Every structure is written in C-alpha cells, then in structure tokens.
Amino acid sequence: MTGPRLAAPRLGAGRHVRSEPLPDATRTSLHELSTADGAIVTGVLRTVPGATTVVCIMHPRQDQTHHPLVPVLLRGGAAVWTQVSRSVNNDLALVHEQTLLDVAVGLGHLRDLGFEHVVTLGHSGGGTLYAYYHEQAGLDPARRVALTPAGRPTGLPDADLPAADAAVFLAPHPGQGLLLLACIDPSVSDEDDPLSRTPELDPYDPANGFADPPASSRYPPEFLRRYRAAQHDRVARIDARARERVAEAAQARARGKASGDPRDRRAALAPRLITVYRTDADPRTVDLSLDPNERPYGSLFGRRPDLINHGLVGFGRLTTPDAWLSTWSGLSTNADFVRCAPSVTAPTLFVELTGDQAAFPADSRAMLAALGSTDLTAEKVRGTHFGGPVEEGAPPGSRLAGERILAWLGQRFELAAGSGPGIDTVSNSSGAHSTSASKSSE
C-alpha cells in the first residue's frame, strides 16, 4: 500500500534533515586518533551530565557530525560519538577493510574514556559498515579477512577490534556494492563513452516502460529480468577491468623491489582510475509499483533520475581499482549486510523507514531475517531514507526513529536523566505507524 508522496524539488532534496538544537548541558570535544595502520581520523564526542552509554554514528564516506539523531539522543540521556573515516567526503580510495580499522580506534577510545556501554548506530551505508565490523570483531583474529578483494593486506588479523555492546540499524541498505548493483545502468555499451546506449536495455526509453515524470513507469517483468541480468554482467566486466589494473600495479611493485629502478616504482604508484558512467538507474525509483512503500518518486539524488543518471553525481563514479572491488562491486565486496548479519549477535534494533528510496521492503526483510542476534527488535516508522517526512505536515522520520531508539536503549542500558525539553521516548502520539517484533532466547 502506498501513501501520499512528496516530490523532491531539487537535486539531493531530502538528503539534509534539519537538526534540533543541542541541549544546553551538552559538552563537546574533538578527538584525533591514530589507527592501527597509522591513519589519522577524528571524532566528535558530545555528552550530557551522567551519561554512561555512548551511541556511535559513523558512515564509511559521509561526515555524520550533524546527524539529526545527535540532539535527540543527547536529550534522551545518551552520549553521542560521531566519527569520520579516512575517506570522508571523498571515496575515491575507499577500502572498507581499512575503514574497519577506523571504527576500531574510535570504539577503543570510548572504552578508554570509561563509557560503560558502547552502541553502534549505522544509518544507510553506516549499517553495512557496522555489520561488517561486528562480524570481524567477533571472529578469532586468525579467521578475519586478511586480504582485500584486490589482494592487499588488511591488517585486521593483527588489530584490536573492541566489541560493541549493542547494534542499532537505521534504514540500512544492503551495502554500497549491492546498492550500486541495483542502480547501475546496463544499457551503457562502451565504458569509455558516457552516451553509449543499448536501446533494448535503456530504462529511460518509453519503449521499455518508462513514463514521463512524475508519472510512475511500468516495466514489464521480462524487461526487468533482462535488465537485472545485464546489470550483473556490467559489474562483472568492470570487475575484470579493475583486476587487470590491480595486476599491472602489482607487477610494477614486484619489478621495483627486484630492480630498484625508480621507473618501476613510479609505474606502481601511477593512478589507474576507473570511471563508471550512469549509476542512477534503479527501476524501483521511477516505477513505484515495484516493491511498493511510501517512497516519493525519484532516487536519493533527486526527482529526475532519467536526467541525473547522465550527470556528474552518482555512486561509484570515480574510484581506484582497489576501492571499486572493496566497496562498489556488488560481486566482489565483503561489505554485504546479508553476508555479515549472521555474525551480529549483540542485542540489535532494526528500524525500517516506510518511505525509503534505498532500502526497499524486500531488502529490509532479507537483512532482518539474516541478523544473528537472539535479542532482535524490528521497528517500522514513517519517513524517507535520510529521515525526512513522507508527506507535508508529517513528523520527520528521524524524530520518530529517535523515539524508538531511545525507548529500546532505555530498556537495556542506563541513560542519564533528561537534559532539557526533548521527546517522549515511549509514546507514539506523533502520527507514526509502526510494527514491532522481537525474538529472544529466553
């Protein structure tokens, strides 16, 4: 069933949700940390008097310092840690295995500061990042991922990966590689030509079911079957290109070590970048009958995917071969929520947003079913992917999610007394509709 939808008025609309003011009693500090492999990352700790539980918000490539849940959680009595990765706001060289080391140093720092309970909160791509971290932290070091998909050492078997006490997932998508696998345009016939086109695979051709926006398109099942198979094939071709370039760099490194010739060292360091054109083409963003929910027409980037798809903005558009294979390839990445989820055994809260444009209902069901925790709670609140409202006058999804998260945290961990005018952490009087399910070993 679908409800009223808001048409995003511009590129990226709905991505930035206005935050409430921080409580007056908030204490803020900036922390610079060195990871196990020598990278420098920073985090912002905001806390209120008496807080012994800290909620960690992080994304592999986006700065979460001003996430709309920060003031909500503080008013509920939790401290909040927002951390950036070494690839913040520039994922050209984003290797997920390195980002796990970034997560680890942050969690270890919070333990050293004396917090009794450390909770990870992964929103969007942060969900898969934290799922991957929970998986690796729970393994014997000898069983951790030792090599990236490009064959480089990860450092994970030798690193200290502190465990978290609980996990919250807010609108997680299946992983950046799986997300791109669903929205890459398979009608690109020449990877070096941004306008190349195979007409019978073009999702924005009326002959294949596309309708002029904002009318919902209608794609025939046979087209969708061919389309999804062709997406898989395109990613496999880019994987092959990435592995060729990884091999070229490895051969140059080997020659340089053997000969000491600076020309070989330069060849090893030379950028072998991969450009991927047209990555805003998930049929579900323009055909609202596919896996329906309360989402608005359009993608995460705006209301005209048919135009945005040909522009500069999009996922995985420019990457190193290592970053492509580790992060953006749905066929090669380890950062796959469903793959990692069985190893997430800490108490877990999964919050689905009913107007999500990135984690569709079928995705959420698969991710939820895969989670390994025996203390698992599922909630559903009205909102769009970044926490906006699903219709004019409705409360923002971030506020509704914050209510659920605080109520769930309060049942398990001690939270400080309220820190000023805030939200009701139990009631659901703001117009949200939700469902909750829990399973326990008791």
Side-chain angles (χ1 to χ4, degrees), residues 17-34 41-59 62-84 102-123 126 130 133 162-170 346-349 351 375 377 379 381 387 395-430:
V17 178
R18 186 180 299 277
S19 296
E20 302 173 4
L22 298 177
D24 292 339
T26 302
R27 298 192 301 270
T28 301
S29 55
L30 177 66
H31 303 252
E32 186 175 88
L33 308 174
S34 179
V41 294
T42 59
V44 175
L45 176 64
R46 296 184 178 96
T47 188
V48 290
T52 59
T53 296
V54 60
V55 177
C56 309
I57 306 177
M58 187 174 172
H59 189 280
Q62 291 179 350
D63 186 346
Q64 302 288 284
T65 304
H66 302 290
H67 193 283
L69 281 182
V70 171
V72 175
L73 294 168
L74 288 167
R75 291 183 187 281
V80 183
W81 169 259
T82 52
Q83 183 185 329
V84 297
D102 302 345
V103 176
V105 72
L107 268 59
H109 182 62
L110 296 170
R111 293 291 190 194
D112 291 343
L113 291 177
F115 283 101
E116 295 178 13
H117 307 293
V118 177
V119 179
T120 60
L121 193 161
H123 183 186
Y130 277 137
Y133 180 84
D165 297 304
V168 176
F169 298 107
L170 172 61
T348 300
L349 172 65
V351 182
D375 180 359
T377 301
E379 295 276 5
V381 301
S398 56
R399 172 177 281 268
L400 300 176
E403 294 179 358
R404 301 304 196 283
I405 293 167
L406 281 173
W408 185 85
L409 289 172
Q411 294 169 0
R412 287 159 179 79
F413 308 117
E414 181 179 353
L415 298 180
S419 303
I423 64 173
D424 181 345
T425 62
V426 178
S427 71
N428 182 29
S429 59
S430 48

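All figures in this text were calculated on a predicted structure; none of them were measured in a lab.
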- Nearest 0.5 Å please: distance from the CZ atom of Phe115 over to the CZ atom of Phe413. 14.0 Å
- Check the pair Val70, Thr82 against side-chain contact (heavy atoms from CB on, under 4.5 Å), reporting the backbone distance first and the verdict last. CA-CA 9 Å; Val70 171; Thr82 52; 3.9 Å; yes
- Task: Taking all non-hydrogen atoms of both residues into account, name the closest pair between Ala51 and Ala416 and its distance.
- Result: N-CB, 3.7 Å
- Task: Could you grab the distance from atom CZ of Arg46 to atom CG of Leu30, nearest 0.5 Å is fine?
- Result: 10.0 Å
- With side-chain contact (heavy atoms from CB on, under 4.5 Å) as the test, would you mind laying out the steps for Cys56 and Leu110 before giving the verdict? CA-CA 9 Å; Cys56 309; Leu110 296 170; 3.3 Å; yes
- Query: If you look at every heavy atom in Gly402 and Leu69, which pair is closest and at what distance?
  - Reply: CA-CD2, 3.6 Å
- Item | Heavy-atom closest contact (Pro162 atom, Tyr133 atom, distance) | O-OH, 2.6 Å
- Message: Looking at Ala346, is its backbone amide N or carbonyl O close enough to the side chain of Thr348 to form a donor-acceptor pair, meaning the two atoms are under 3.5 Å apart?
- Response: yes
- Look up atom OG1 in Thr65 and atom CD1 in Ile57, then write down how far apart they are to the nearest 0.5 Å. 10.0 Å
- Query: Just checking, any donor-acceptor pair under 3.5 angstrom between side chains of His59 and His123?
  - Reply: no
- Query: Are the charged groups of Arg111 and Asp165 less than 4.0 angstrom apart, N to O?
  - Reply: yes
- Query: Nearest heavy-atom pair of Val48 and Ala78: which atoms, and what distance?
  - Reply: CG2-O, 4.3 Å
- Minimum heavy-atom separation for Pro21 to Pro71, with atom names? O-CB, 3.5 Å
- Item | Expected output: side-chain Gln83 to main-chain Asp102 donor-acceptor under 3.5 Å | yes
- Query: Are Asp375 and Arg412 close enough that some pair of their side-chain heavy atoms sits under 4.5 Å apart?
  - Reply: yes
- CG/Leu349 to CZ/Arg404 distance, rounded to the nearest 0.5 angstrom? 10.0 Å
- Task: Under the ring-ring contact (aromatic ring centres under 6.0 Å, His included) rule, collect the residues that match up with His109, sequence neighbours excluded.
- Result: His31, Trp81
- Task: Please report the shortest heavy-atom distance between Ala166 and Trp408, naming the atom on each side.
- Result: CB-CH2, 3.9 Å
- How far does CD of Gln411 sit from CG of Leu406, to the nearest 0.5 angstrom? 11.0 Å
- Message: Holding to side chain to side chain donor-acceptor pair (under 3.5 Å), I want the full list of residues that pass it with Thr120, two or more places apart in sequence or in another chain.
- Response: His134
- Task: Give the intermediate values and the outcome of side-chain contact (heavy atoms from CB on, under 4.5 Å) for residues Val103 and Met58.
- Result: CA-CA 8 Å; Val103 176; Met58 187 174 172; 3.7 Å; yes
- Between Arg27 and the options Leu74, Leu45, Thr47, the side-chain contact (heavy atoms from CB on, under 4.5 Å) test singles out Thr47
- Task: Check whether any side-chain heavy atom of Arg399 sits under 4.5 Å from a side-chain heavy atom of Glu20, and report yes or no.
- Result: yes
- Gap between atom CZ of Arg75 and atom CG of Leu22 - 0.5 Å precision: 7.5 Å
- Message: Show, in sequence, the C-alpha distance, side-chain angles and deciding distance for Leu33 and Thr42, and conclude whether the side-chain contact (heavy atoms from CB on, under 4.5 Å) test is met.
- Response: CA-CA 6 Å; Leu33 308 174; Thr42 59; over 6 Å; no
- Kindly say whether Glu414 contributes a backbone atom to a donor-acceptor pair with the side chain of Thr53 at under 3.5 angstrom? yes
- Note on the structure: For Gln64, the side chain to side chain donor-acceptor pair (under 3.5 Å) test, sequence neighbours excluded, returns none
